[in-house]
Amino acid sequence: MKSYLTPILHDALKTLSLTLGIDAPTEITLEVPRNAEHGDLSTNAAMTLAKALKKNPRELAVNLVEILKSSVNSAVITDISIAGAGFINFTFAPSFYGMRLQDLLLEGENIGRNERGRGIKANVEYVSANPTGLLHVGHGRNAAIGDTLANILVWNGYDVTREYYFNNAGNQMNNLGRSVHTRYLQILDASVEFSEEDKGLYHGEYIKEIAQALADKHGAALKEASEENLTICRKAGEEWCFATIHATMKRMNIHHDVYFNEDSLYTDGKVKDTIERLREKGFVYEKDGATWLALSRMGMTDDRVIIKSSGEPTYRLPDIAYHHDKLARRKFDLVVDIFGADHIATIPDVMAAVEALGEEKSKVRVVIHQFVTLMKDGEQVKMSKRTGRSYTLDDLLEEFGEDVTRFFFLMRGVSTHLEFDLNLAEEQSEKNPVFYLQYAHARIASIMRTAEERGVQIAKTADTTLLLHPSEIELIKFVLRFPEIILRAAETLEPQVIAEYLREVAAAFHKFYHDCRILGEEESLMQARFALLRAAKTVLNNGLAVLGIKAPEKM
RNA sequence: GCGCCCGUGGCUUAAUGGAUAGAGCAAUGGAUUCCGGUUCCAUAGGUUGGGGGUUCGAGUCCCUCCGGGCGCACCA
């Protein structure tokens with residue numbers, strides 16, 4: 001629709017601007033009005049013009065409509081009217097929707113895909129949990145958002161790398177080794193104490209599991225707290241954690257193309273290289289035995305330490321080196337980071353440094369999601385009733401399955417605090433939005449099955465201009481918007497846009513189903529409705545695929 | 001104290017600066033011989049936290065105040 005009208009509108013604006021002796025405005029929008037009574041498409045062109053000319057927008061609208069009416073095909077657009085403050089509303093002939101549906105169906109299984117990102121290398125980094133424990137609920141939101149955004153970019157034609165950044169060195173890993181070793185000693189001798197006060201130790205039950213495996217394998221051979229034995233404990237812990245994380249990810253249908261080890265930034269000399277470059281540009285200095293990053297010379301207030309006086313770098317330095325590496329060496333055109341709200345503080349530093357290193361910081365887009373609160377019976381829940389311990393991502397997957405879990409993480413805007421309603425999640429009924437969507441898909445599949453059982457042939461082509469019932473038109477309108485929704489989701493980096501849209505498609509389908517019969521209708525109309533069903537089914541299937549959720553044939 | 005996010009009917013929330021703020025849940029009342037009722041329709045419920053400002057037009061942008069969350073290390 002837009003593609004038909006956009007050039008006509010621009011021509012008309014050009015004509016009008018010429019007679020008025022001004023430049024044609026560029027900032028005009030052509031959009032589907034929220035309220036269907038305002039026609040099928042609407043433009044604010046007259047208002048934008050009026051602003052520049054300081055003239056009455058409705059007056060200009062009259063002139064513009066005159067020009068438009070003469071250049072538009074009246075079989076396609078049946079009405080052009082002026083409304084409100086100066087909106088110009090276009091109404092399309094009902095049969096036009098059938099024609100557009102025909103075009104959409106030509107795309108077959110690929111409805112929604114576009115080439116916007118062709119040739120653009122994108123990197124999406126998400127989850128990125130260090131191997132010191134289990135994934136918690138917050139990681140779940142991070143994983144669902146990151147994986148879905150990667151899917152969205154793929155559907156927009158980008159060349160996408162899914163990346164997991166981790167650190168298996170440093171203090172935290174030594175603490176993991178110590179934790180495992182202490183639990184190991186406890187298994188050998190129950191009188192050994194595990195200090196609850198020691199903040200460095202990991203207290204989770206999983207540590208016992210790792211220690212038990214070591215005890216089974218090595219007996220008492222690791223008793224001495226030697227460097228060597230602690231390393232064995234640490235390695236065992238790391239392996240166990242990664243294996244568990246991988247299993248959880250797999251269950252959520254998530255895979256990463258690249259596992260990027262922070263340590264490689266040191267061994268490959270990238271950290272050193274980064275610091276040298278920054279030093280050359282005068283952004284690094286020494287003070288109190290430490291090395292500082294002069295953020296104050298990059299327009300920020302406080303300088304920060306990047307190498308401690310002990311000689312160890314702070315987390316900031318590898319973060320900067322990592323981002324610089326992605327842009328400068330690995331040549332990504334778009335770098336998307338998915339972070340929880342607790343990581344907010346480091347971002348401005350990294351961005352400033354990346355810019356100081358001469359890279360385009362607009363290539364980095366940081367998605368910060370807020371926290372997840374689990375709610376049950378109107379109260380916040382922290383402990384799982386099932387395990388008696390704090391809720392992990394696995395607990396959610398176990399209780400509600402991967403579809404419900406993923407969808408619940410995606411159905412709210414990224415920047416809002418997410419309330420995960422456990423009562424609603426366990427509901428296997430229409431109240432649960434996941435089932436509402438999946439049921440719509442299953443119901444279409446069911447109609448197709450029934451047709452087959454009754455020996456009804458579904459034709460390859462149909463005259464979709466016969467679809468004139470309001471519920472048919474409504475469903476077509478929604479289905480036609482899918483490509484635009486995929487584009488918008490990529491622009492805004494908001495998976496929720498798709499979740500919300502799919503609910504509307506499902507609702508439009510259910511209403512259509514309620515109002516219009518398919519099987520048993522007169523042949524040509526029945527075939528037209530099959531064509532509409534095919535489009536709706538593809539849209540639901542593809543939309544759910546982007547969200548990483550199954551579209552079942554049966555439920 | 002400083003920075004970031006959020007505040008929309010009872011609850012959970014939507015709305016590229018556009019028209020009468022849109023849904024779902026809960027409540028109330030209806031629909032259905034049918035292709036899956038896990039569906040559909042209707043009613044009721046709002047000063048978009050308060051106050052200023054910018055704009056032809058503000059839930060959206062700016063300022064300020066209030067409330068909630070998260071950060072603010074030579075921790076990661």
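Here the structure is a predicted model, which is why all the values come from computation and not from measurement.
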Peer 1: Expressed in whole Å, how much space separates the P atoms belonging to B/U64 and B/A23?
Peer 2: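 It comes out at 36 Å once rounded to the nearest Å.
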Peer 1: Rounded off to whole Å, could you give me the CZ-to-C1' distance for the A/Phe435 and B/U39 pair?
Peer 2: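 These atoms are roughly 16 Å apart.
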Peer 1: Looking at A/Lys511 and A/Glu474, does any basic side-chain N land under 4.0 Å from a carboxylate oxygen?
Peer 2: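 No.
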Peer 1: Taking the side chain as C-beta and beyond, is there a heavy-atom pair between A/Val434 and A/Phe408 under 4.5 Å?
Peer 2: yes
Peer 1: Excluding sequence neighbours, so at least two apart, what forms salt bridge (charged side-chain N to carboxylate O under 4.0 Å, His left out) with A/Arg178?
Peer 2: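 Scan of A/Arg178 (salt bridge (charged side-chain N to carboxylate O under 4.0 Å, His left out), adjacent residues dropped) gives A/Asp198.
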Peer 1: What interatomic distance, in whole Å, is found between P of B/C63 and the corresponding atom of B/C4?
Peer 2: 9 Å
Peer 1: If you check every side-chain atom of A/His417, which of B/U20, B/A19, B/G68 has the closest atom?
Peer 2: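 Among B/U20, B/A19, B/G68, the one nearest the side chain of A/His417 is B/G68.
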Peer 1: Taking atom P of B/A14 as reference, at what distance in whole Å does atom CD1 of A/Ile485 sit?
Peer 2: 15 Å
Peer 1: With a sphere of 6.0 Å drawn around CD of A/Gln380, does it hold more than 12 non-hydrogen atoms of other residues, nucleotides or ligands?
Peer 2: yes
Peer 1: Mind checking A/Gly413 for me? I need base, sugar-phosphate or nothing, with any heavy atom below 4.0 Å counting as a touch.
Peer 2: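 It contacts sugar-phosphate atoms only.
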Peer 1: Report, one pair per line, the protein and nucleotides 58-63 of chain B atoms (nitrogen or oxygen only) whose separation is under 3.5 Å.
Peer 2:
none

Peer 1: Got a second to check how far A/Asn89's CG is from A/Asp79's CG, nearest 0.5 Å?
Peer 2: 8.5 Å
Peer 1: Tell me which donor-acceptor pairs under 3.5 Å the side chains of residues 309-322 of chain A have, and how far apart each pair is, sequence neighbours excluded?
Peer 2:
unit_1: A/Ser310; atom_1: OG; unit_2: A/Glu312; atom_2: N; d: 3.4
unit_1: A/Thr314; atom_1: OG1; unit_2: A/Val305; atom_2: O; d: 3.0
unit_1: A/Arg316; atom_1: NH1; unit_2: A/Asp349; atom_2: OD2; d: 2.5
unit_1: A/Tyr322; atom_1: OH; unit_2: A/Glu163; atom_2: OE2; d: 2.7
unit_1: A/Tyr322; atom_1: OH; unit_2: A/Lys326; atom_2: NZ; d: 3.3

Peer 1: Would you call A/Lys550 and A/Glu402 a salt bridge, taking side-chain N to carboxylate O under 4.0 Å as the test?
Peer 2: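 Between A/Glu402 and A/Lys550 there is a salt bridge, with a charged N closer than 4.0 Å to a carboxylate O.
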Peer 1: In whole angstroms, how far is the P atom of B/U12 from the CG atom of A/Leu374?
Peer 2: 15 Å
Peer 1: Looking at A/Tyr436, I'd like to know whether one of its side-chain N or O atoms comes within less than 4.0 Å of OP1 or OP2 on B/C40.
Peer 2: yes
Peer 1: Atom CZ of A/Arg517 and atom C1' of B/G36: how far apart are they, to the nearest Å?
Peer 2: 12 Å
Peer 1: Determine the contact category for A/Asn423: base if any of its heavy atoms lies under 4.0 Å from a base atom, sugar-phosphate if only primed atoms, P, OP1 or OP2 are that close, otherwise nothing.
Peer 2: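 The residue A/Asn423 makes no contact with any strand.
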Peer 1: Which part of the nucleic acid does A/Thr373 contact within heavy-atom distance under 4.0 Å: base, sugar-phosphate only, or nothing?
Peer 2: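 No contact.
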Peer 1: CZ of A/Phe407 versus P of B/U13: gap in Å, rounded?
Peer 2: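 It is 14 Å, rounded to the nearest whole Å.
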Peer 1: Between B/A19, B/U12, B/U20, spot the one nearest the side chain of A/His38, thanks.
Peer 2: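 Of all the options, the side chain of A/His38 is nearest to B/A19.
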Peer 1: Below 4.5 Å, heavy atoms only, C-beta onward: do A/Leu502 and A/Ile485 meet side chain to side chain?
Peer 2: no
Peer 1: Using the C1' atom in both, what is the distance from B/G9 to B/A27, to the nearest Å?
Peer 2: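 Going atom to atom, C1' in each nucleotide, I get 13 Å.
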Peer 1: Between B/C5 and B/G17, how far apart are the two P atoms, rounded to whole Å?
Peer 2: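 Rounded to whole Å, the distance is 16 Å.
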Peer 1: Please list, one pair per line, the donor and acceptor atoms closer than 3.5 Å that link side chains of residues 449-456 of chain A to other protein atoms, with sequence neighbours excluded.
Peer 2:
unit_1: A/Arg449; atom_1: NH1; unit_2: A/Glu553; atom_2: O; d: 3.1
unit_1: A/Thr450; atom_1: OG1; unit_2: A/Ser446; atom_2: O; d: 2.8

Peer 1: Report the base-pairing partner of B/A31 (Watson-Crick or G-U wobble, both distances below 3.5 angstrom), or none.
Peer 2: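 Check on B/A31: paired to B/U39, both distances under 3.5 Å.
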Peer 1: Under a 3.5 Å cutoff, is there a donor and acceptor pairing between the side chains of A/Asp303 and A/Ser296?
Peer 2: yes
Peer 1: What I want to find out is whether A/Glu504 reaches A/Lys477 closely enough, with some N-O distance under 4.0 Å, to be called a salt bridge.
Peer 2: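 Result for this pair is no, no salt bridge flagged.
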Peer 1: According to the Watson-Crick and G-U wobble definitions, with both distances under 3.5 Å, which nucleotide is paired to B/A44?
Peer 2: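 Base partner found: none.
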Peer 1: On a whole-Å scale, what distance lies between the C1' atoms belonging to B/G59 and B/G49?
Peer 2: 12 Å
Peer 1: Is the shortest side-chain heavy-atom distance between A/Ile207 and A/Leu176 below 4.5 Å?
Peer 2: yes
Peer 1: Output the rounded distance in Å from CD (A/Glu500) to P (B/G22).
Peer 2: 14 Å
Peer 1: Hey, can you pull the residues of residues 439-449 of chain A with a non-hydrogen atom under 4.0 angstrom from RNA chain B?
Peer 2: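 A/Tyr439, A/Ala442, A/Arg443, A/Ser446, A/Ile447 - these, ordered by number, are the residues of the stretch whose heavy atoms sit under 4.0 Å from the strand.
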Peer 1: Between protein and nucleotides 71-76 of chain B, map the contacts as a letter string: B base, S sugar-phosphate only, - none, heavy atoms under 4.0 Å, written 5' to 3'.
Peer 2: SSSBSB
Peer 1: With a 3.5 Å limit on both atom pairs, tell me what B/C70 is paired to, counting Watson-Crick and G-U wobble, or say none.
Peer 2: B/G3
Peer 1: Name the pairing partner of B/A23, where a pair is Watson-Crick or G-U wobble with both distances under 3.5 Å, or state none.
Peer 2: B/U12
Peer 1: Are A/Thr291 and A/Arg279 close enough that a side-chain donor and a side-chain acceptor fall under 3.5 Å?
Peer 2: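 No pair is found: no donor N or O on one side chain lies under 3.5 Å from an acceptor on the other.
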Peer 1: Can you identify which nucleotide, out of B/U38, B/C40, B/A15, has its nearest atom closest to the A/Met555 side chain?
Peer 2: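 Comparing B/U38, B/C40, B/A15 against the side chain of A/Met555, the answer is B/U38.
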Peer 1: Contact class for A/His510 vs. all strands (heavy atom < 4.0 Å): base, sugar-phosphate, or nothing?
Peer 2: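 Here A/His510 touches the backbone only, sparing every base.
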Peer 1: Calculate the interatomic distance between A/Gln370 atom CD and B/G3 atom P; express it in whole Å.
Peer 2: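 Spelled out: CD on A/Gln370 to P on B/G3 is 17 Å.
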Peer 1: When both hydrogen-bonding distances must be under 3.5 Å and the geometry is Watson-Crick or G-U wobble, what is B/U55 paired with, if anything?
Peer 2: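 Answer to the pairing question: none, since B/U55 forms no Watson-Crick or G-U pair.
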Peer 1: RNA chain B: A/Gly84 or A/Tyr513, which has the more 5' nearest nucleotide?
Peer 2: A/Gly84
Peer 1: Between A/Met375 (CE) and B/G68 (P), how many Å, whole number?
Peer 2: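 Rounding to the nearest Å, CE of A/Met375 and P of B/G68 are 16 Å apart.
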Peer 1: Do A/Phe435 and A/Glu427 come close enough that some side-chain heavy atom pair is under 4.5 Å?
Peer 2: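 Sidechains of A/Glu427 and A/Phe435: no contact.
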